[in-house]
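Step one of this worksheet: look at the structure below.
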Amino acid sequence: MFSEFKFKNLGLRTKRAKMGKSAKREALWGLAFISPWIIGFFLWTFGPMVASLIFSFTDFNLLHRDEMQWIGLQNFRHFFSDPLVWQAIKVSLIFAAIALPISVIQPIVMAALLNDDRLWARRMFTTLFYMPAVVPFVSAVYVWSGIMNTQTGWFNRGLAAIGIPGPDWLGSQAWIYPSLVMIGLWGVGNMMLMTLATMQGVPTELYDAAKVDGASHFKQFYHVTLPMITPVIFYNLVLTTIGIVQYFLVPFVLKGPNGDPGNATWFYGMYLYKEAFSYSNMGYASTMAWMLFLFVLVFTIILFATQKYWVYYAGMED
Amino acid sequence: MNMLNFKIPRSVRNIFSYVVLSIFAFTTIFPFLWMIITTFKSRGAIFSLPPTMMPDLLFKPEMWDSYIAVLTKYSFLRYAGNSLFVAGMAATGQLLTASLAGFAFARMEFKGKGLFFGLLLSTTMIPTEVIIIPEFLLMAKLDWLDTYLPLIVPSFLVGTFGTFMLREFFMSIPEELVEAAHLDGASTFQIYRKIFIPLSMPAMTTLFLIGFIHNWNELLRPVLYISSSNLRTITIGLTSFQNEFGAQWNLLLAGAVISILPLLIVYILAQRYIVEGIATTGLK
C-alpha cells in the first residue's frame with residue numbers, strides 16, 4: 001500500500017479532465033459514491049478519535065460519570081511518572097527487540113526459497129505456509145500452549161531427544177518472549193505472500209544481466225532481488241512495528257490480564273485494556289491511547305523519512 | 001561481498017532449499033496434527049507421560065466423543081452458528097461501501113479526491129486503542145450492548161482494505177468499456193452497477209472471504225460487547241471454555257478444530273482467490 005503503485009496510479013486519471021461539461025456532475029456523483037465511507041469514517045474513526053482526545057484531558061470514570069471533570073494535563077503528567085507505564089514500555093521494547101527482526105526477515109527467507117521456478121511442489125508449499133494465517137489466533141494460542149507445555153508438550157520432548165533440557169516456555173519470565181514470537185510466526189503468511197508476489201515481479205532481464213556479469217546466486221539475491229523488494233520490506237516494517245506496539249491479545253488469551261509470569265507480559269495494550277475495561281478509567285486510558293497513537297505517528301514519520309536512503313521505487317526516479 | 005561470490009552448484013542449493021522448506025513445513029503441520037490427534041484421545045490418555053502421538057480412541061466407538069460433547073453439551077454448534085451469522089453479515093456489509101468508494105477512487109474525478117484517498121490510507125495506521133473507548137461508549141448509548149449490532153453495523157460503513165483492493169481491481173478494467181457505455185447513454189451509476197460489479201465478481205469474492213475470515217477470528221470486540229452465553233461467537237466460546245474447564249485438552253482442542261475447520265475448508269476451496277488477494281493488496 002505504501003509502495004510505488006500508490007503514487008503512480010494517482011496521476012493516471014488526469015487525462016479525463018477533458019470531459020469538461022460533465023465534470024461537475026461527475027464530481028457530485030463521486031462524492032455520492034464515497035459518502036457511505038465518509039459517514040463511516042466520521043462515525044467510527046474520526047469522531048471516536050476526537051472523543052478520546054477530549055477524554056484524555058478529563059478524569060472520566062464510567063462508574064462515576066456524572067462527576068467527570070476537566071483536569072488539563074494531569075493525566076499526561078501522571079503518565080510519565082506511572083511505574084506501570086514504564087514497565088509496559090520495557091516489556092514492549094524487549095518483545096520488539098526479538099519479534100521485529102524475526103518478523104521482517106522470516107517472510108523474506110520463506111519467499112526467497114519459494115521464488116524458484118524449478119522448485120518441486122512450489123504451489124503446495126505456498127498453500128501450506130499460508131494455511132496457519134487463516135486460523136483464529138485464539139485457537140492457535142491454545143494449540144501452541146499444549147505443544148509448549150513443560151511436562152506433556154512435544155516441544156520439550158523433541159529437545160530432550162537431542163539432549164537439550166527444555167525450559168519452561170510459558171512460565172518463565174525470560175522464555176515467554178521467544179514463545180510468543182514462535183506463536184506469532186506460525187501466522188506470518190500474509191507478509192510471505194506479498195514478498196513472494198513482489199519477488200516474482202522483478203524483471204528477469206535484471207537477473208540475466210547479473211548472470212552475464214558472472215554474479216553468483218547470492219550476489220544476484222543481494223544486488224538484484226533485495227533492492228527490488230525494499231518497498232515490501234518497508235511496508236512490512238511499518239505494519240509490524242504498529243502491530244507490536246499494540247500487541248497484547250495473544251498474551252491476554254495465553255496468560256490472562258495480569259501480566260504473568262511476573263510482569264513479563266504486562267504489555268502496554270494490556271495495561272490500557274485493564275485501565276479502560278476493568279477499572280472503567282476511561283480518561284486515563286484515553287491518555288494512554290493517545291500517547292500510543294502519537295508514538296506510532298512519530299515513528300512512522302521517521303520511518304518514512306528514512307525511505308529515500310534505502311527503499312527503491314521502480315519508475316520513481318526524478 | 002567477495003565471500004558471497006562462491007558459485008554453489010544447483011544441486012547443493014536444491015538440497016539446502018528442500019531441507020529448510022521441509023523444516024518449515026513440519027513446524028507448520030505439526031500443530032495441526034497434534035491438535036487433531038489429541039481430540040481422539042480419552043481424558044486419561046491426554047496426560048499420560050511420556051506423551052504419545054497414538055490416539056487411544058482411534059477407530060473405537062467413542063472416537064467422536066470429544067466432538068459430540070463440545071458441539072452439544074458445551075454449545076459449540078451454537079457458537080459456530082453465531083460466528084457464521086456475524087462474520088457473514090459483516091463480510092457482506094463491507095462490499096457495498098467498498099465497491100462504491102473503490103469505484104469513485106478508481107474511475108472518477110472530483111474535488112478532494114486526493115485528500116479523501118489520503119485519509120483512507122492513513123486510517124490503516126490508526127491504532128484501535130484511540131477508537132475503542134468512545135466506540136464502546138457509543139454502543140452503550142445506542143443500547144446495542146449484548147447484541148450483534150456492534151459487531152456488524154460498523155462493517156457496513158468502513159472498509160479501508162476493501163476499498164483499496166477494489167480500487168486496484170477497477171483500475172484494471174479497460175477504459176473502452178466505459179466510453180462505449182457512455183456513448184450508449186449509460187449513467188455513472190449504471191456503469192458501476194452493470195459493468196464494474198459483474199466484472200469484478202472474483203475480486204468481490206476475495207474481499208468477502210477475507211472479511212469473513214477476519215470477522216470470524218475477531219476476539220476483542222466480541223469480548224467487549226457480548227455478555228450473554230447464548231450470543232457467544234466461537235472465539236469467546238473457546239476462551240470461556242478454557243476459563244471454566246481449564247486444560248481439558250481433548251475437549252478444548254475439539255473446540256479449536258471446530259473453530260478452524262470452516263475457515264480451512266473455505267481456504268482450500270477458494271485458495272486461489274485468497275492468495276491472490278493477499279499478494280496484490282497485502283493488508284488483512
Side-chain angles (χ1 to χ4, degrees), chain A residues 1 9 13 16-17 26-27 29-31 33-34 36-37 39-40 43-45 48-49 51-52 110 113 125 127-130 132 134-139 142-144 146-147 152 154 157 190 193-194 197 216-219 222 235 242 246 249 253 272 276 282 285-286 289-290 292-293 296 300, chain B residues 4-8 13 17 20-21 24-25 28 31 34-35 47 50-51 97 100-101 103-104 108-111 116 119 121 123 125-127 129-131 133-135 154 157-158 163-164 171 188 213 217 219-220 235 238-239 242 249 252 256 259-260 263 267 271 275 278-280 282-284:
Chain A
M1 182 196 76
N9 290 340
R13 311 293 318 152
R16 293 200 71 200
E26 185 171 321
W29 271 110
L31 289 174
F33 269 62
I34 62 168
W37 176 76
I39 293 169
L43 216 52
W44 309 117
T45 307
M49 277 178 77
S52 67
M110 292 177 92
L113 289 171
F125 279 121
T127 308
L128 181 69
F129 293 154
Y130 184 72
V134 304
V135 170
F137 81 89
V138 178
S139 317
Y142 292 141
V143 172
W144 279 97
I147 292 174
T152 56
W154 280 92
R157 251 181 83 71
N190 276 340
L193 283 185
M194 278 175 60
S216 70
H217 198 69
F218 280 118
K219 271 209 153 178
Y222 190 80
Y235 171 77
I242 296 176
Q246 301 183 60
L249 281 170
V253 173
L272 202 162
M282 300 302 188
S286 297
W290 263 86
L292 175 92
F293 178 51
V296 168
T300 320
Chain B
L4 289 183
N5 220 9
F6 281 132
K7 293 266 161 102
I8 297 170
R13 266 194 356 247
S17 284
V20 178
L21 285 171
F24 280 148
T28 305
W34 177 75
M35 170 178 71
F47 291 115
T97 306
L100 282 169
F103 180 80
M108 297 165 94
E109 287 305 326
F110 52 93
K111 216 174 161 188
F116 285 123
L119 275 181
L121 292 177
T123 55
M125 259 176 286
I126 295 168
E129 280 82 351
V130 285
I131 291 167
I133 292 170
E135 183 193 293
L157 292 168
V158 292
T163 304
F164 191 73
M171 288 198 310
T188 310
I213 293 171
N217 293 351
L219 179 75
L220 181 63
T235 47
L238 263 177
T239 51
Q242 208 270 346
W249 289 108
L252 183 66
S259 77
I260 295 171
L263 299 188
Y267 171 60
Q271 188 227 115
V275 166
I278 300 284
T280 48
L283 283 161
K284 193 181 165 186

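Predicted model, so just to flag it, every value in this text is computed and none were measured. So you know, we letter chains A, B, ... as the sequences are listed, proteins then strands, and number each from 1.
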inquiry  = Tell me if the centroids of the rings in B/Phe24 and A/Phe125 come within less than 6.0 Å of each other.
reply    =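 No, the ring centres sit 6.0 Å or more apart.
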| request: Calculate, to the nearest 0.5 Å, the distance between atoms CG and CH2 belonging to B/Leu100 and A/Trp29 respectively. | output: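 These two atoms lie 10.0 Å from each other.
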| said: Please report the interatomic distance CE(B/Met35) to OH(A/Tyr142), rounded to the nearest 0.5 Å. | reply: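 Between atom CE of B/Met35 and atom OH of A/Tyr142 there are 14.5 Å.
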Query raised in the report: Under the side chain to side chain contact (heavy atoms under 4.5 Å, CB included) test, which residues partner B/Ser17, sequence neighbours left out?
Result: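 Partners of B/Ser17 by the side chain to side chain contact (heavy atoms under 4.5 Å, CB included) criterion, ordered by chain and then number, come out as A/Leu113.
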Not counting sequence neighbours, which residues clear side chain to side chain contact (heavy atoms under 4.5 Å, CB included) with B/Pro127? List them please.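 A/Gln246, A/Leu292, A/Phe293, A/Val296, B/Glu129, B/Val130.
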**OP:** With a 4.5 Å cut-off on heavy-atom pairs, point out which of A/Ser286, A/Pro132, A/Ala51, A/Gly146 contacts chain B the most.
**Re:**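 Highest number of heavy-atom pairs under 4.5 Å: A/Gly146.
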Practice prompt. Could you tell me which of A/Val138, A/Val253, A/Ile34 has the largest number of non-hydrogen atom pairs under 4.5 Å with chain B?
Written response: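 The residue among A/Val138, A/Val253, A/Ile34 with the greatest pair count is A/Ile34.
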| field | Most contacts with chain A, counted as non-hydrogen pairs under 4.5 angstrom, among B/Thr235, B/Ile126, B/Thr163, B/Thr123 | value |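 The option with the most such pairs is B/Ile126.
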Q. If you tally heavy-atom pairs under 4.5 Å against chain A, which of B/Leu21, B/Leu252, B/Val20 wins?
A.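 Result: the option with the highest number of such pairs is B/Leu21.
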Of all the heavy-atom pairs spanning B/Ala104 and A/Phe33, show the shortest one and how long it is.
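Minimum heavy-atom separation between B/Ala104 and A/Phe33: CB-CB, 3.7 Å.
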Using every non-hydrogen atom in the two residues, find where B/Ile133 and A/Ala276 come nearest and quote the distance to one decimal.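 So the two residues come closest at CD1-CB, 3.8 Å.
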query = Do B/Ile131 and A/Ser52 come close enough that some side-chain heavy atom pair is under 4.5 Å?
reply =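 Counting from C-beta outward, B/Ile131 and A/Ser52 never come under 4.5 Å.
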Exercise for review: Side-chain contact test, heavy atoms from C-beta onward, threshold under 4.5 Å: evaluate it for B/Asn217 versus A/Phe137 and give yes or no.
Suggested key: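 Not in contact.
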Which word best sums up how the rings of B/Phe116 and A/Trp37 line up, parallel for under 30°, tilted for 30 to 60°, or perpendicular for over 60°?
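Perpendicular: the ring planes of B/Phe116 and A/Trp37 meet at over 60°.
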Polar side-chain atom of B/Tyr267 near backbone of A/Thr127 as donor-acceptor pair, under 3.5 Å
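Pair found, side chain donor or acceptor close to backbone of A/Thr127.
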Just by distance, no angles: are the side chains of A/Ser139 and B/Ser259 close enough, under 3.5 Å, to form a donor-acceptor pair?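 Yes - a donor-acceptor pair under 3.5 Å links their side chains.
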Contact part of [X] toward chain B, heavy-atom cut-off under 4.5 Å: side chain, backbone, both or neither?
X	result
A/Leu272	side chain
A/Ile242	side chain
A/Val143	both

